[in-house]
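Okay, structure first, notes after.
Just so we're on the same page: letters track the sequence lines, and every chain starts at 1. Values reported hereafter were calculated over all heavy atoms of this structure, with side chains retained and with hydrogens, waters and symmetry mates removed.
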2 protein chains.
Amino acid sequence: METQIGQIATLIGDPVRALILWTLLDGSAYSATELAISTNTSPQNISMHLSKLVQADLLVAEKQGRHRYYRFSRQEVAYAIEAIAHLIPNEKQKKMVSHQHHAAVAHCRTCYDHLAGKTGVAIADSLLKQRVIISKANNFELTSKGEKWLLQLGINLPEVRQQRRIFLRPCLDWTERRYHIAGALGAALLDLMLEGDWIRRTRHSRAVIITATGEKKIQEYFG
Amino acid sequence: METQIGQIATLIGDPVRALILWTLLDGSAYSATELAISTNTSPQNISMHLSKLVQADLLVAEKQGRHRYYRFSRQEVAYAIEAIAHLIPNEKQKKMVSHQHHAAVAHCRTCYDHLAGKTGVAIADSLLKQRVIISKANNFELTSKGEKWLLQLGINLPEVRQQRRIFLRPCLDWTERRYHIAGALGAALLDLMLEGDWIRRTRHSRAVIITATGEKKIQEYFG
DNA sequence: TTAATACTTCATTCTGAACTTAACTATGAA
DNA sequence: TTCATAGTTAAGTTCAGAATGAAGTATTAA
C-alpha cells in the first residue's frame, strides 16, 4: 500500500511529468508532440514519460490517425494533483489553489487559447442550436448563416481563416464531458471576449471571470 | 507552480518517506527512532528524511526531552496522501481506500494499539468526567475511584501496571484535535473491547467497527 | 513510390538523491 | 563525572532513472 503510494507520487514528482499533468489539468487532450513542446523536451523523452503515466493508469491515450492524444484516465487524477497543489507552502500560491479554484476552473476556463468550462460548452451548444455551426462527421462546420452571424459579432473571418492552424475543431471538455469550440475560430471568439471586456483572465490560473458586461453580452448572443 | 507540485510529489514519493507519511496517517505523533524502526532504516537516514518533510511544511516536530515527535502539520497533508492512494490501480486496493474510508478512520480507529477517533476521544472525555482519570500537568492520572472502576470493568490493573511501557499517557487525535488514552491502559482497554466483541478490526485498515454489543456497552460504561 | 510527419523502442550516458560511515550535540541516568 | 540514549550534521559512495542518440514502425501527403 504505502509502496504504491510512493510509486504514484514518484510518477507525479518528475518535473516533466508534473508539467504534463499540470497541462492536462485543463481537461483537454494533448498530442505527444504538443506535450513535448510545452514541456520543452524531446519526443523520445515525452514518449517515455507518457507511457509510464499510461501504464500506471493515470492517463489514457487515444489514437487518431498518426496522432496520439493523451488525457486523464479519470477525475481522481485531477483531484490528486489538486490535493498536492494544496500543500504548496507559499502563502500566495495556497490562496490561488483554494477550494473554490477547482470549481472555478471547471466553470469557466481557457483551454489552451479558447474558452472551455461550462460557459465554453454552453456557447458551443448555443451556436449549434442557432445553426451558426453544425456537427458533421465528428467535426464542426461553419454555416453560411454562421458566417454572417460572426461578422456581425465583429469577427474578421477572412483573417481568422488565413491563419495556419485548423479553423474550427471540437475540443472535449473534461469536467463537462461535452464539446466546445477550439481552433482559430475558438481563439478568435476568446480574443473578442477579452478585448470587449466580457471576461478577464485571472493571474496564475486558467480560470476566467465573466464581467457584468460579459454577462449581458453572452446572454444576448448565446442565450 | 507545476515545479512545486513536482517537488512535493517527489517528497512524498520516496519509499521511506511514503512509509513515514503512511504511518503518521493514523493521526498520532511518532518519535524519530520509532519511525526509523517502523521504516527499517538508520537514524541518520530517517533524520534526513524527516528534516526534508519538515522543511516542506508537511510535518511539524515537537521536542519533548531528548525525543522529537513528528506529526502532520495540517489536515491537507493527509488529504493529499489519501487522494494519491485513490489512484492505486489495483481494484481491491481501490475499494479499500474508498471515500468512506477517511470518515471511518476519523470516526473510530486504533492509533497504534489503543482506541482513537471520535470514539476514543469520547471515551477519554467520559473517563475524565467520571473522574476515573484526571488531567494533571499535561498528563493523565488514574484516581483511586478509577482503579475500582477499571477492576469492575474486568481490567487486571496489576498486570497492566507491570508492563514496561508507560502506564497512561494522553495521545493527541489528529482529526478530532483532542486527546485520547494511550499507553498500557489504553491498550488494555482496546484489548478488553476486542475480546468482549465490543468492536472488531477491519482488514487492511486501522478503522474498527463498533458491534451492537459494543454500542450498548459503550453507552453503559462511557455514556 | 518517395518523402515527411508522428511517435516508439532500445542501448548508452550521466546526474541527483538516497544511503553509509563517522563525528558531533543534547538530554537523562548511574 | 561518566555512560547511554536520542537525534543531527557532514563527507563520501552508490545506483536508479532521466535524458540522449540512433534506428525503427505507422500514417499521410506529394
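Following rounding to the nearest Å, B:Leu11 (CG) and C:dG16 (P) show an atom-to-atom distance of 18 Å. The distance from atom CD1 of A:Ile46 to atom C1' of C:dT9 is 16 Å, rounded to the nearest whole Å. Regarding A:Leu50, its CG atom lies at a distance of 13 Å from the C1' atom of C:dA6, rounded to whole Å.
Nearest heavy atom pair, residue A:Val132 against residue A:Leu142, reads O-CD1, 3.4 Å. Minimum heavy-atom separation, A:Lys52 to A:Leu11: O-CD2, 4.0 Å. Annotation for B:Ile46 and B:Ala32: closest pair CG2-O, 3.6 Å, computed over non-hydrogen atoms. Here the closest heavy-atom approach between residue B:Ile5 and residue A:Trp22 is recorded as CD1-CE3, 3.7 Å.
Contacts between residues 58-70 of chain B and DNA chain D, defined by a heavy-atom separation under 4.0 Å, are made by B:Arg66, B:His67, B:Arg68, B:Tyr70.
When only modelled atom types and interatomic distance are considered, A:Glu147 and A:Thr143 share no side-chain donor-acceptor pair under 3.5 Å. Under 3.5 Å, the side chains of B:Glu34 and B:Ser38 contain no donor-acceptor pair of N or O atoms.
Nucleic acid contact for B:Ser31: sugar-phosphate only, since backbone atoms but no base atoms lie under 4.0 Å from a heavy atom of the residue.
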- Item | Annotated protein contacts, base or backbone, on nucleotides 18-25 of chain D with a non-hydrogen cut-off under 4.0 Å, one of B, S, - each | SB-BB---

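Under a 4.0 Å N-O distance rule, the pair B:Arg71/B:Glu62 qualifies as a salt bridge.
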- Message: Between B:Ser51 and B:Gln55, is the side-chain hydrogen bond (donor to acceptor under 3.5 Å, both in side chains) condition met? List the steps.
- Response: CA-CA 6 Å; B:Ser51 74; B:Gln55 199 175 5; 5.8 Å; no

